[in-house]
J.: 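First the structure, then my questions, so here it is.
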Amino acid sequence: MNPSADPSEVDTASWRGQDLRLIPAAATAWLGALSGLLGGWWITMFCGGAAAVLAIIAGVRARRTASRWVAGLGALAVLGVLTAGPVALRIRAAEQDDLRAAAARGSDATVRMVVTERPRPVRGAGYADRRAGTRLVVIAATVDAVVAEERAVDSDGRILLLAPAEGWTDLLPGQQVTVSGRLAPAKGAELTVAVLSVRDPPSALGQAPWWQRAAESLRAGLRELCAVLPEEQAGLVPGLVVGDTSALAPRVEREFTDSGMSHLMAVSGGNVAIVCGSILLLLRALRIGPRTSAAVAAAGLAGFVVLAGPAPSVLRAGVMGAVGLLALALGRRGSALPALGFAVALLVVADPAMAADFGFALSVLATAGLVLLAPRWAEWLAGRGVPSGYAQGLAVPVAAFVMTAPVIAGMAGSVSLVSIITNVLAAPVVAPATVFGVLATVIGPWWPSAGRSLVRLTEPEASWLITVARHGARAPGAVVEWPGGWWGGLLAACLLVVLLVVIRLRHARILLAIALAGGLLVFVPVRVLAPAWPPASWSAVACDVGQGDAVVLATAEPGRAVLVDTGPEPGPVDDCLRRLGVDRVPLIVLSHLHADHIGGLESVFEGRSVGAVAVGPGRAPAWAWRQVAEETARRGIPLLELDIGQRLEWPGLSLDVLGPRYVTKRSVREQDGTVINNGSVVLRAGTPAGRVLLTGDVELAAQADLLAEGVDLRAEVLKVPHHGSRYTAPDFLNAVAPRAGLVSVGAGNPYGHPNKSTLDSLAALGASIARTDTDGDTAVVTDARGLALQRRGEPRGPPRS
């Protein structure tokens, strides 16, 4: 700012030292584009035109008083014109693109397009013979030419590809590709005109620009260097450094999301600040001038943006970083807010679709929180005796949380209550991990041993981040359900505003502190000191692991239990065992080798002693058998095969092997899903609560074989076969005659599980039914009335039956 300016004018044009004059212009561009994307291009034209007219009128009056707002009003007028003109016309062109009509009809099309972003993986849990992992990718592209319904369609719009991972994951921005597939309408609030689903690999591949090929070579080099790290850390480091989450473990990804740390794996302003800040610190130590330093840092910034890829958050951070470096070169320090406003305006005008991008919004709001709120809150804490470094460390994540919480709540339908703590704990290690990772990326291709050494320096930081995320995600009440959508976001914003106002009032602060203390006194003893889960007399628990199976059988020794199946992915079964206090597993039985029964195996070993893993005679699918054999061999765990008639006993628990009686002579390669299901191990567990029949996924043929062999199937509790599918014979259920049925099933699964006819047959037998998709973890218990079921989260008292 001009040091000769009148103090009153400085206060009018700034807020606590921050220049606000570009904010109305940036808000006009952003909100104008967003309203047009949501409601129509004419709304954008109206908003931009109205802003331009008001800015011109106010500007004429401001010139008469020599106000410092003249420049800001001029920027508002310019942005209003650009919003009413180019931005509105871009939205109109997308709305009226001819490809939209073909997409609405679901036409087949052949499209020649240019890729604009790196493929984004879509991960899925394993089910049946499909292993967990990335099966699909989403690719953003712009259309060059398209043929639909045997005629050329005039379009130069944007398109999204849904493609199989195989053959598509290596595409790069700037690469031209031709592909055929089925069109579908795009969702609203974006410039995308159609979605193209493809099954075949791309054809007529063009070559990507040299700088994109070089960037991919560096990213691939970093992934190779990270092979020296443990598996979870090896997948996390590329995400921290360049936003490459292709090798990130699904469990780690979920835990980072639940603990409010997922933003660390999206390249944004934090990464840019670390990279540019490191360069500037080095150059300052070498006594290089500010202009030369800014120029060198700008070159490093450009290289980092290319390396990370042209995602919206990366471009936003890059533009803001460039503006900040320009301010440094011109000697205008402390201009973060004008830089943010300029970056927002420039990016929205260049690409109106960013106005509706959640990642862009989160990045902008987080940066605004760091600029507007964090310094004041750090100053307030320091004034009350908190050391300066700790004050800043506390203020930064709190400010980012406050600004982004409404958007996250509306977007995800949940709020992470532990994110402030986890981000405070994570903050000290993010910068060194990023610096070491970037140096390893750049140096590794030329000096591999040095690159590996630098990558090893990231291991302690990555391990610490995983530990923080894991414990944060496990904390009681870590994630709170919240209304989703716009109303949920507005409700969260209103609540935060009320809290901020209350905190400013002394008496209100006292009342708030009393309310919080009372809440802690009520809920902490109930949830932590005297938890309602697990029930004291549990004999078996059906774990909520999604679309898969995992049943825990208690022994008479506390902390020791047998596990039958492990669910579709690591994490949920581990959480279930942890909630039950199980740290010793003498035996893990895998009923069969489908992915939804073996996917969580590796997480069971973490922090527990495991005696052995047992399987039936089946060895299909082959990949699953190799995975189980390699995992047990790597950990030195015996791998056993169970035989019919075998009996296993522990204090308070016995297991009798009843099947499989279904025999097939097909080779492993010829065995389909039904054959594998029918080869499931069938167990009858003897527990204090009665007999529990564990049936894996046996279908009609295997059930008929068990009945034909005259096997005694009677049991008080039935683990309903195959997630309650329709392939369950009434005669089989009659032979079991259960008093309770446990259905292990995932919420919203696409397979129609559980089937209504199966549930009706169980109800007709008088059986109580518990479903993990609606009831969560469910325990089989005994009380004064005998056998009962208790769902996790139920209040203490007589269990429901």
Side-chain angles (χ1 to χ4, degrees), residues 97-153 155-187 190-208 216 245-247 250 309 547 568-569 594-596 599 620-624 669-674 676 746 748-752:
D97 193 284
D98 290 345
L99 195 56
R100 283 189 181 271
R105 294 189 292 270
S107 305
D108 293 330
T110 299
V111 185
R112 186 175 74 237
M113 63 195 72
V114 177
V115 177
T116 56
E117 294 183 29
R118 285 157 45 200
R120 301 192 299 272
V122 179
R123 296 185 176 89
Y127 184 74
D129 57 354
R130 294 181 299 177
R131 64 197 311 168
T134 300
R135 290 190 286 270
L136 294 174
V137 292
V138 177
I139 305 172
T142 56
V143 175
D144 269 357
V146 57
V147 175
E149 300 171 339
E150 299 183 352
R151 65 181 182 87
V153 177
S155 175
D156 58 358
R158 300 180 181 184
I159 194 168
L160 276 182
L161 268 73
L162 296 179
E166 186 176 358
W168 288 92
T169 54
D170 297 331
L171 293 186
L172 298 174
Q175 198 166 7
Q176 190 179 78
V177 59
T178 301
V179 66
S180 298
R182 176 67 58 87
L183 291 169
K187 67 179 183 179
E190 58 182 32
L191 295 183
T192 302
V193 298
V195 176
L196 184 68
S197 298
V198 301
R199 294 184 178 180
D200 299 324
S203 60
L205 277 174
Q207 195 172 46
E216 177 56 28
T245 59
S246 59
Q547 184 65 11
E569 58 184 337
H594 271 162
D596 51 320
W623 67 262
R669 291 185 179 181
E670 294 175 327
Q671 292 185 18
D672 59 16
T674 297
I676 296 171
N749 71 84
Y751 311 104

J.: Answer yes or no: is there a side-chain heavy-atom contact under 4.5 Å between Leu196 and Ser180?
T.: no

J.: Would you find a donor on one side and an acceptor on the other, under 3.5 Å apart, between the side chain of Arg182 and the backbone of Val195?
T.: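 Side chain of Arg182 to backbone of Val195, a donor-acceptor pair under 3.5 Å: no, none is there.
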
J.: Could you tell me which non-hydrogen atom of Ala148 sits nearest to which non-hydrogen atom of Val153, and how far apart they are?
T.: CB-CG2, 3.9 Å

J.: Which pair of heavy atoms, one from Ala165 and one from Val137, lies closest together, and at what distance?
T.: CA-CG1, 4.1 Å

J.: Any idea which heavy atoms bring Gly746 and Asn749 closest together, and the distance?
T.: O-ND2, 2.9 Å

J.: For Arg199, is the CZ atom crowded, meaning more than 12 foreign heavy atoms sit under 6.0 Å from it?
T.: no

J.: Where is the tightest heavy-atom contact between Pro164 and Val198, given as atom of each residue plus distance?
T.: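 Shortest heavy-atom contact: CD-O, 3.2 Å.
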
J.: When Leu162 is tested against each of Val122, Val138, Leu136 for side chain to side chain contact (heavy atoms under 4.5 Å, CB included), which residue passes?
T.: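 Looking at Val122, Val138, Leu136, the match for Leu162 under the side chain to side chain contact (heavy atoms under 4.5 Å, CB included) is Val138.
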
J.: Any donor-acceptor pair under 3.5 Å linking the side chain of Thr116 with the backbone of Ala140?
T.: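 Yes, because the side chain of Thr116 sits within donor-acceptor range (under 3.5 Å) of the backbone of Ala140.
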
J.: Determine whether Pro173 and Arg118 make a side-chain contact, defined as any pair of heavy atoms from C-beta on separated by less than 4.5 Å.
T.: yes

J.: What pair of heavy atoms forms the shortest contact from Leu172 to Ala208, and how long is it?
T.: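 Closest pair (atom of Leu172, atom of Ala208, distance): CB-CB, 3.8 Å.
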
J.: A side-chain contact here means heavy atoms from C-beta on lying under 4.5 Å apart; do Met113 and Ile139 qualify?
T.: no

J.: Is it true that Ser155 and Asp98 share a donor-acceptor pair across their side chains at a distance under 3.5 Å?
T.: no

J.: Drop me the distance from Asp108's CG to Leu183's CG, to the nearest 0.5 angstrom.
T.: 8.0 Å

J.: How far apart are the closest heavy atoms of Ala103 and Ala194, and which atoms are they?
T.: CB-CB, 3.7 Å

J.: Which value, rounded to the nearest 0.5 Å, describes the distance between Leu191 atom CG and Arg158 atom CZ?
T.: 5.0 Å

J.: Can you list every side-chain hydrogen bond (donor to acceptor under 3.5 Å, both in side chains) pair that touches residues 166-179, not counting sequence neighbours?
T.: Asp144-Gln176

J.: Side chain to side chain contact (heavy atoms under 4.5 Å, CB included) with Ala624: which residues, sequence neighbours excluded?
T.: Leu593, Ile598, Pro621

